[in-house]
2 protein chains.
Amino acid sequence: MKEGPDIAQVAALIGDPARANMLTALMSGKALTVSELAEEAGVTIQTASSHLSKLDSGGLLRPRKQGRHKYFALAGEDVAQVLEGLMGLAAGSGHLRTRTGPKDAKLRQARVCYNHLAGDMGIQMFDSLIARTHLSFEGEDLRLTDSGAAFAYDLGIDVGALQSARTPLCRECLDWSERRSHLAGSLGRAFLSRFEELSWAKTDRKTRIVTFSRSGAEAFHQLFPVN
Amino acid sequence: MKEGPDIAQVAALIGDPARANMLTALMSGKALTVSELAEEAGVTIQTASSHLSKLDSGGLLRPRKQGRHKYFALAGEDVAQVLEGLMGLAAGSGHLRTRTGPKDAKLRQARVCYNHLAGDMGIQMFDSLIARTHLSFEGEDLRLTDSGAAFAYDLGIDVGALQSARTPLCRECLDWSERRSHLAGSLGRAFLSRFEELSWAKTDRKTRIVTFSRSGAEAFHQLFPVN
DNA sequence: AGCATACTTCGATCGCCCTCGAACCAATCT
DNA sequence: AGATTGGTTCGAGGGCGATCGAAGTATGCT
């Protein structure tokens with residue numbers, strides 16, 4: 001009767017509104033404390049604590065104690081990816097809650113997905129990198145080519161340091177707003193943080209919106225041309 | 001508070017054990033009737049009906065009336081992909097229910113994922129097609145090259161007919177057992193059904209296991225060499 | 001027409017789990 | 001040490017939804 005792993009438990013974990021809110025909040029990639037997540041979900045701290053321990057024992061979160069604070073983050077990119085997939089289903093088929101407010105438009109243009117850039121601009125970056133063969137597919141894996149490494153180095157990214165980490169360097173992740181892929185992995189993370197360092201963009205961790213300055217956007221479009 | 005689509009509803013839909021069982025049953029790609037799904041989930045027909053109508057209005061299923069039967073199938077590949085993702089999470093992090101029975105081993109080797117071949121052999125096929133550039137990545141999309149079209153034609157697949165359909169020809173889908181991608185889309189479907197036509201393999205729709213005959217496996221490995 | 005089958009709808013029951021108040025640990029600050 | 005803040009545990013309450021029996025609708029068979 002039950003072939004394959006037990007979907008229901010994990011899905012039920014995500015299926016509670018309070019927990020879902022916490023998880024989407026954590027899609028910002030930032031680690032949040034219990035009280036922050038409680039606030040985010042609109043519940044008291046006790047219930048939040050209960051929920052978080054469940055999510056943790058379900059393997060969806062990675063907790064980290066720091067003094068008298070306890071920070072929670074998503075367990076990994078795979079979790080983030082599933083959440084994005086669910087958002088896609090909810091957006092497409094579900095109740096079509098096309099929250100077409102201004103906030104939504106900005107979200108679709110540029111937002112942070114776990115720790116990297118998503119939305120229109122994320123896709124543009126990805127496509128541009130592929131088109132200029134700075135990235136290439138090797139089998140089903142994504143690989144940074146030599147020209148790509150040079151490109152990243154020019155931007156001020158220490159590729160060597162990234163490669164040593166155990167998280168994959170490049171990974172594709174697909175959007176819920178667009179139906180296309182953007183760049184995830186430690187390189188994706190590095191790009192976004194570099195944009196922030198150069199003050200091309202600023203990400204509001206609360207709304208997940210990434211806002212580019214006028215000059216930042218200009219530089220971005222020049223660096224990642226559409227064709 | 002709620003940015004992005006409403007994850008919780010969809011996840012809660014999948015989160016019920018009965019519904020999850022139905023959905024995993026539908027991962028076989030076959031359309032099933034209400035009574036079959038009730039049996040599969042271990043509930044009465046009434047409750048099954050209730051569940052199915054919820055799944056339907058949630059956009060996860062595509063119903064089709066045929067006489068006095070009502071067949072349900074997954075709404076699309078995207079749904080199947082999310083389900084596979086959830087299986088991955090449940091298998092990896094969760095309770096590690098490594099059901100290492102013989103059934104499980106066969107599932108990992110070759111199984112049907114919605115309508116195409118998954119598991120070890122699915123991945124082998126995908127890798128082989130990529131390595132010989134019968135498939136190539138174009139941006140983030142998968143494209144069938146000319147040599148690939150010829151290859152498929154030689155196997156007796158009418159690529160032209162597939163291309164006219166509105167479902168994408170090639171698409172990658174990732175496994176829960178391996179962490180890699182295999183070929184989905186109408187071409188993936190065509191390959192599997194061709195294997196069955198040639199009686200290389202036979203898929204048990206109940207267990208989702210694809211069993212290759214001795215000669216079929218031989219032909220498969222010759223056609224899709226590892227290197 | 002009459003019966004059987006496939007499914008849906010209604011109503012009632014029941015159990016799970018979400019929620020919060022209150023008390024209880026733990027760590028930092030003065 | 002006492003106070004304050006962050007988090008966990010316990011217990012009780014309460015609501016939502018899963019479940020099934022029974023009646024209702026539709027389709028097909030003879």
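So that the names make sense, note that chain A is the first sequence line, chain B the second, and so on, each numbered from 1.
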Restricting to nitrogen or oxygen on both sides, can you table the protein-nucleotides 21-26 of chain C pairs closer than 3.5 Å?
{"from": "C:dG21", "atom 1": "N7", "to": "A:Gln46", "atom 2": "NE2", "distance (Å)": "2.7"}

What protein N or O atoms touch nucleotides 13-16 of chain C N or O atoms at under 3.5 angstrom, if any, and at what distances?
none

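Spacing between atom CD of B:Gln9 and atom P of D:dG17 amounts to 10 Å, rounded to whole angstrom units. A:Ile45 places its CD1 atom 17 Å from the P atom of D:dT4, with the value rounded to the nearest Å. With rounding to whole Å, A:Glu39 atom CD is found 13 Å from D:dG6 atom P. To the nearest angstrom, P of D:dT27 lies 16 Å from OH of B:Tyr71. Summarising the geometry, the separation between CG on B:Leu32 and P on C:dC7 is reported as 11 Å, rounded to the nearest angstrom. A:Asn21 places its CG atom 14 Å from the P atom of C:dC18, with the value rounded to the nearest Å. The NE2 atom of B:His69 sits 16 Å away from the C1' atom of C:dT8 (whole-angstrom rounding). Put simply, CE on B:Met22 is 12 Å from P on C:dC7, counting in whole angstrom units.
Side-chain atoms of A:Thr33 and A:Glu36 form a donor-acceptor pair, as typed in the model, at a separation below 3.5 Å.
Contacts between residues 47-55 of chain B and DNA chain D, counted as heavy-atom distances below 4.0 Å, involve B:Thr47, B:His51, B:Lys54.
Taking 4.5 Å as the limit, every side-chain heavy atom of A:Glu196 sits out of range of all side-chain heavy atoms of A:Lys202. Looking at heavy atoms from C-beta onward, A:Met87 lies in side-chain contact with A:Met27 at the 4.5 angstrom threshold.
Each of A:Asp16 and B:Phe72 lies near DNA chain C, and the nucleotide nearest B:Phe72 is the one positioned closer to the 5' end.
For A:Ala73 against A:Ala31, the heavy-atom pair with the smallest separation is CB-CB, 4.1 Å. Closest approach of A:Arg62 and A:Ala75 over heavy atoms only: NE-O, 3.8 Å.
A:His51 meets the ring pair (Phe, Tyr, Trp, His ring centres under 6.0 Å) test with no other residue; sequence neighbours excluded. Residues passing the salt bridge (charged side-chain N to carboxylate O under 4.0 Å, His left out) test with B:Arg64: none are found, sequence neighbours excluded. A:Val210 is linked by a side chain to side chain contact (heavy atoms under 4.5 Å, CB included) to A:Ala110, A:Val112, A:Leu117, A:Ala201, A:Thr203, A:Phe212, counting only residues two or more places apart in sequence or in another chain.
Between B:Phe191 and B:Phe224, the ring planes lie perpendicular to each other; the angle is over 60°, past the 30° to 60° tilted range.
Around the CD atom of B:Glu39, the shell of radius 6.0 Å holds no more than 12 heavy atoms that belong to other residues, nucleotides or ligands.
In terms of modelled atom types and a separation under 3.5 Å, the side chain of A:Thr24 and the main chain of A:Ala20 share a donor-acceptor contact.
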